[in-house]
Amino acid sequence: MFTLVFAVIAAIILFERTIFNRKYKSIRNKHVVVTGGSSGIGKCVAKLAVRYGAHVTIIGRDCKKLDTAVEEIQKGCYMVGQKVQGVSLDVCDYELVKAEFSNLEEKVGPIYMLVNCAGLAICGKLENVSNEDIKTLLNTNFLGTVYPTKMVITKMKERKEGIVVITASQAALVGIYGLSIYSASKFALRGFAEALDMEMYPYNVSVTVALPPDTDTPGFEMENKTKPTETTLICGSGGIYKPEAVAQNLIEDALRGSFFSTVGCESYFTALLCVGMTRCTSLGELIAQVVLMGPLRVVGCIFLEYFYAIIRKCLYD
Ligand SMILES: *[C@@H]1O[C@H](CO)[C@@H](O)[C@H](O)[C@H]1NC(C)=O
Ligand SMILES: *[C@@H]1O[C@H](CO)[C@@H](O)[C@H](O)[C@H]1NC(C)=O
Ligand SMILES: *[C@@H]1O[C@H](CO)[C@@H](O)[C@H](O)[C@H]1NC(C)=O
């Protein structure tokens, strides 16, 4: 019985994804801006965007890393006049963001798609995270997404087209031990994205929230060093994904206009369970949610029990 239900749902989702391909937006010859584009998921997104025929601007702070990334990304260009450039900029500084973004539109062209990938993770039990780090995390992850987004939406609304991608995390759906401030910053982004989607909807501008699981990036390596054992054990159950795979799903979901973008089973089912009042962007998804949410709540509770058991065990070891 369950197998049959699963098969039907899978078939509907597959059908939607393949038959309605025509609804995909195109970024060919369009200007795509990627913050945090000099490494990790951002760099992979930029490389893919170039392969889709876009003009790409990556934004990062470190000039050297930016130059190396631009060279690497340029190799993917295949059209005459296809442009790739890097802009060194701190996305948490509103005045700088404002100046650079208007400059960028003049030089390269109207921004059609903004992919916010700038972000970082600092782990630790709350009492072990310095106030300095708390501010850095909230500034980078939240304001570092809000400022660039604020700069592009007015023009997108005027042109009645555009795509905004916000990179959150699985931690935007579930609060996890050792990630209190990080989770808070990502939960904030989810709320921001839901409200923004409502504001942008009449203007033909779509908003997509990426919910990547642990991804094999320089950022993750850094984060790994500060992770409490409990966090490593709890997050370990999801496995670790390649940034290329995350970037591929992110771009496809954004072009399709999905609100959530997930990678892998765990991420998909967590998003399904935590969907709440998020706008439904596909019939297949809606059917899957209606049928699976009840049973998934039971599975979720079992996982949570397991997580709490890990925490108890670490305490007494
Ligand atoms: C975390 O904070 C507690 C209480 O301030 C302290 O005893 C402990 O040594 C700290 N642990 C680390 C890893 O900094
Ligand atoms: C919405 O934007 C897409 C490109 O992103 C465009 O092809 C389409 O014509 C637009 N629709 C309206 C109603 O403006
Ligand atoms: C993260 O750290 C754990 C041990 O703390 C180690 O086993 C694991 O390989 C590390 N992962 C990465 C990607 O560095």
Side-chain angles (χ1 to χ4, degrees), residues 16-17 19-34 45 48-57 79 105 108-116 120-137 148-149 151-166 175-184 193 196-210 221-235 250-259 261 279-282 310-317:
E16 265 205 337
R17 295 207 163 184
I19 304 297
F20 292 113
N21 263 0
R22 277 162 290 148
K23 285 202 302 196
Y24 269 54
K25 290 179 177 175
S26 159
I27 47 174
R28 199 181 162 82
N29 261 319
K30 299 269 170 75
H31 185 191
V32 175
V33 175
V34 186
V45 168
L48 267 175
V50 163
R51 267 209 263 146
Y52 280 67
H55 306 292
V56 174
T57 303
M79 298 192 315
E105 290 225 293
V108 189
I111 297 166
Y112 177 73
M113 181 175 185
L114 170 70
V115 185
N116 291 289
L120 61 93
I122 299 169
C123 318
K125 289 182 273 188
L126 184 56
E127 66 269 31
N128 294 115
V129 187
S130 73
N131 291 347
E132 213 39 58
D133 281 348
I134 293 177
K135 280 186 199 153
T136 307
L137 256 180
T149 304
M151 286 321 304
V152 299
I153 52 165
T154 310
K155 296 245 174 75
M156 284 183 177
K157 277 166 125 174
E158 277 168 20
R159 286 193 295 269
K160 289 224 167 22
E161 59 171 28
I163 302 171
V164 176
V165 179
I166 289 164
I176 296 287
Y177 188 107
L179 296 176
S180 54
I181 308 300
Y182 178 75
S183 275
L196 185 71
D197 182 57
M198 227 184 244
E199 288 186 18
M200 303 307 278
Y201 174 72
Y203 300 96
N204 195 29
V205 177
S206 61
V207 177
T208 294
V209 182
E221 242 176 78
M222 279 281 292
E223 169 193 340
N224 204 21
K225 288 185 190 136
T226 55
K227 248 181 203 172
T229 322
E230 289 91 338
T231 318
T232 309
L233 289 174
I234 291 171
C235 297
L250 183 154
I251 288 212
E252 277 178 18
D253 287 330
L255 295 183
R256 191 189 291 128
S258 303
F259 183 74
S261 172
R279 184 158 76 94
C280 174
T281 47
S282 120
I310 289 176
I311 292 160
R312 276 196 303 273
K313 185 165 180 305
C314 288
L315 189 62
Y316 298 125
D317 267 355

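Keep in mind that this is a model prediction, so the values were computed, not measured. Computed from heavy atoms alone, side chains included, the values below leave out hydrogens, waters and symmetry copies. Whatever order the structure lists them in is the order used to number ligands and atoms, beginning at 1.
Near Asn128, meaning under 4.0 Å from one of its heavy atoms, ligand 1 places the atoms 1 (C), 2 (O), 3 (C), 8 (C), 10 (C), 11 (N), 12 (C), 14 (O). Against a heavy-atom cut-off of under 4.0 Å, Glu127 is close to the following atoms of ligand 1: 2 (O).
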Would you give me the side-chain donor-acceptor pairs under 3.5 Å for residues 156-166, sequence neighbours excluded?
unit_1: Arg159; atom_1: NH2; unit_2: Ile111; atom_2: O; d: 2.9

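Ion pairing between Glu223 and Lys227 holds under the 4.0 Å rule for side-chain N and carboxylate O.
With sequence neighbours excluded, the residues forming a side-chain hydrogen bond (donor to acceptor under 3.5 Å, both in side chains) with Ser261 are Asp253, listed by chain and number. Under the side-chain hydrogen bond (donor to acceptor under 3.5 Å, both in side chains) criterion, Lys313 pairs with Asp317, not counting sequence neighbours.
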message: Could you walk me through whether Met79 and Asn29 satisfy the side chain to side chain contact (heavy atoms under 4.5 Å, CB included) test, starting with their C-alpha distance in whole Å, then the side-chain angles of each, then the deciding distance to 0.1 Å, before giving a yes or no?
response: CA-CA 9 Å; Met79 298 192 315; Asn29 261 319; 4.0 Å; yes

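Listed by chain and number, Lys25, Tyr112, Lys160, Glu161, Asn204 each place a non-hydrogen atom less than 4.0 angstrom from ligand 2.
Remark: Arg51 CZ is loosely packed, at most 12 non-hydrogen atoms of other residues, nucleotides or ligands lying under 6.0 Å away.
Looking at Leu255 and Tyr52, their side chains come closer than 4.5 Å, going by heavy atoms from C-beta outward.
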